[in-house]
Amino acid sequence: MAKKTPEGPSGLVVIDKPAGMTSHDVVSRMRRLAGTRRVGHAGTLDSMATGVLILGVNKATKLLTWVVGESKTYTTTIRLGLGTITDDAEGDVISVADSARVESITEQRIKDASAQLTGEIMQVPSSVSAIKVDGVRSYARVRSGQEVKLEARPITVDEFSIESVTRKVVEGPEHIVDMTGEPVEGTDLPAQASVIDVEATVSCSSGTYIRALARDLGAALGISAHLIALRRTRIGEVEVASAATLEQLQFIKDRAPDQPLPMLSLEDAARKLFGSRALSGAEATDISNGRRITPTDNGGESETPAAKSKHASTAGISAAFAPDGTLVALIENKKWRGHLVAAPVLVFESGKTFGENS
């Protein structure tokens with residue numbers, strides 16, 4: 001029987017994604033840099049977007065389901081006056097607003113409209129998105145000529161701050177298309193179009209489509225709109241200031257090819273995401289082998305509260321550490337045979353025996 005090849009260090013790598021690369025492109029680069037196929041990402045960024053993209057390497061890929069559910073902050077530029085099929089700058093133009101109507105919109109009206117899109121709201125995602133409809137990606141249905149209408153879903157927008165408003169005249173589109181991407185014939189298009197570029201900061205729950213928010217800002221003002229720039233500056237507690245570029249990581253790898261890449265270790269990543277519980281050796285052994293232990297004191301919660309979104313919630317989950325500092329598992333309180341216990345949710349070190357000494 002062949003020996004299992006050591007998989008190398010596990011942890012999270014925070015990348016400042018450049019424009020022009022997909023999230024999968026970044027994962028492919030990281031696989032080569034880290035020397036492992038076990039790399040995944042949390043929270044897709046479109047090709048035109050930049051900023052924080054968190055990658056999991058080896059065992060840390062198991063944490064990504066919780067990272068995805070963290071809140072996020074973006075800086076963005078929204079162009080009022082032109083609408084596109086994708087609700088961003090990568091799609092063909094589908095509508096051009098009347099210049100007089102665009103010019104009549106005041107900065108205060110824009111701020112009032114953004115306030116209407118703040119709080120707990122229902123949002124219809126862009127039809128050109130990766131959401132599946134009866135097993136087929138929405139964007140694939142649109143490209144095949146189908147008209148797709150997605151259902152609204154609940155999101156939370158904690159902040160939608162208008163930072164600046166700039167009025168411009170830009171070159172008009174050569175043509176426009178319908179919602180299936182087919183050119184619309186016989187349309188008299190202006191040589192120039194009046195637009196308003198709105199720079200904004202958005203903090204929101206997971207599952208929020210910023211380009212749909214741009215579209216809806218325009219709709220609230222009675223005109224078309226789309227996203228022309230997007231930068232993610234935060235996921236949970238992770239800020240873009242702590243991110244590295246792919247070029248920086250490549251430079252490090254070229255200088256020290258035998259050294260592991262700098263990353264947030266599996267243990268430190270778990271401490272950032274969850275509350276921590278120090279286990280005794282006996283408790284660590286029980287959890288490692290799938291057994292339940294006494295409940296965790298988690299601030300009065302008897303059981304883990306139900307998640308409010310489709311993504312896994314960190315609420316009520318603890319990172320459980322053995323006396324030697326090893327991350328054994330993620331655990332949560334559950335009712336079992338009428339008693340409250342702490343049970344493993346995800347085990348990192350299975351089938352092991354731990355001593356009482358650190």
Side-chain angles (χ1 to χ4, degrees), residues 43 45-46 48-52 69-84 86-89 91 94-129 131 149-168 170 193-237 239-240 307-311 313:
L45 278 176
D46 291 335
M48 65 169 273
T50 67
V52 177
E70 294 287 277
S71 63
K72 300 169 180 70
T73 297
Y74 300 86
T75 57
T76 179
T77 304
I78 298 166
R79 175 159 289 177
L80 303 175
L82 296 174
T84 70
T86 57
D87 297 324
D88 64 19
I94 58 172
S95 61
V96 181
D98 178 73
S99 291
R101 176 170 287 187
V102 173
E103 291 162 7
S104 71
I105 294 173
T106 64
E107 183 171 343
Q108 187 57 52
R109 283 185 61 194
I110 295 171
K111 289 181 178 179
D112 291 344
S114 69
Q116 295 173 21
L117 294 169
T118 304
E120 295 183 356
I121 63 174
M122 298 295 289
Q123 183 186 71
V124 177
S126 171
S127 60
V128 184
S129 67
I131 294 172
K149 292 184 179 180
L150 299 174
E151 292 185 4
R153 54 188 62 193
I155 62 168
T156 300
V157 179
D158 296 306
E159 177 188 10
F160 192 172
S161 300
I162 305 303
E163 309 296 346
S164 69
V165 172
T166 305
R167 299 175 187 275
K168 295 180 178 180
V170 299
S194 294
V195 299
I196 302 174
D197 285 352
V198 179
E199 293 188 0
T201 300
V202 177
S203 293
C204 56
S205 61
S206 179
T208 302
Y209 283 80
I210 306 300
R211 52 195 168 116
L213 203 61
R215 176 202 65 204
D216 293 344
L217 179 67
L221 293 164
I223 60 173
S224 49
H226 71 283
L227 191 70
I228 63 171
L230 182 67
R231 181 165 176 77
R232 187 156 63 196
T233 60
R234 179 188 64 85
I235 299 180
E237 295 183 4
E239 304 278 349
V240 72
K308 293 184 179 180
S309 75
K310 65 177 181 178
H311 300 296
S313 170

Closest non-hydrogen atom pair, L45 against G51: CD1-O, 3.9 Å

H226 side chain to T86 backbone, donor-acceptor under 3.5 Å: no

Candidate pair L213 and L117, rule side-chain contact (heavy atoms from CB on, under 4.5 Å), full reasoning: CA-CA 8 Å; L213 203 61; L117 294 169; 4.2 Å; yes

Salt bridge (charged side-chain N to carboxylate O under 4.0 Å, His left out) partners of R232, counting only residues at least two apart: none

Audit row: S206, K72, side-chain contact (heavy atoms from CB on, under 4.5 Å) steps and yes/no: CA-CA 7 Å; S206 179; K72 300 169 180 70; 3.6 Å; yes

Verdict with reasoning, L217 to F160, per side-chain contact (heavy atoms from CB on, under 4.5 Å): CA-CA 10 Å; L217 179 67; F160 192 172; 4.1 Å; yes

Residue pairs fulfilling salt bridge (charged side-chain N to carboxylate O under 4.0 Å, His left out) with at least one residue in residues 198-213, sequence neighbours excluded: D46-R211

Under 3.5 Å: donor-acceptor pair, side chain of S194, backbone of S99: no

Exercise: identify the closest heavy-atom pair between Y74 and C204: CE1-SG, 3.9 Å

Residue that, paired with V240, satisfies side-chain contact (heavy atoms from CB on, under 4.5 Å) out of T73, V52, T75, I235: V52

Rounded distance (nearest 0.5 Å) linking atom CZ of R79 with atom OG1 of T166: 10.0 Å

Counterpart residues, salt bridge (charged side-chain N to carboxylate O under 4.0 Å, His left out), relative to R234 (two or more places apart): none

T84 side, atom OG1; I94 side, atom CD1 - distance, nearest 0.5 Å: 6.5 Å

Shortest non-hydrogen contact from M48 toward D88: SD-CB, 3.7 Å

Side chain R101, main chain G222, donor-acceptor under 3.5 Å: yes

Shortest non-hydrogen contact from L80 toward G218: CD2-CA, 4.1 Å

Side-chain H-bond candidate by donor/acceptor type, T208 with Q123, under 3.5 Å: no

side-chain hydrogen bond (donor to acceptor under 3.5 Å, both in side chains) assessment of E159 paired with T201: CA-CA 7 Å; E159 177 188 10; T201 300; 5.0 Å; no

With T156 via side chain to side chain contact (heavy atoms under 4.5 Å, CB included) - residues at least two apart: E120, D158, S205

CG on L221 to CD1 on I196, rounded to 0.5 Å: 8.0 Å

Closest approach of V124 to A212 (non-hydrogen atoms, all atoms of both residues): O-CB, 3.7 Å

Partner residues of E107 under the salt bridge (charged side-chain N to carboxylate O under 4.0 Å, His left out) criterion, sequence neighbours left out: K111

Residue pair D112, Q108: steps toward the side-chain hydrogen bond (donor to acceptor under 3.5 Å, both in side chains) verdict: CA-CA 6 Å; D112 291 344; Q108 187 57 52; 2.9 Å; yes

Shortest non-hydrogen separation from T76 to L227 and the atoms involved: OG1-CD1, 2.6 Å

Pairs where residues 215-224 contributes a residue and the test side chain to side chain donor-acceptor pair (under 3.5 Å) is met, not counting sequence neighbours: S95-S224

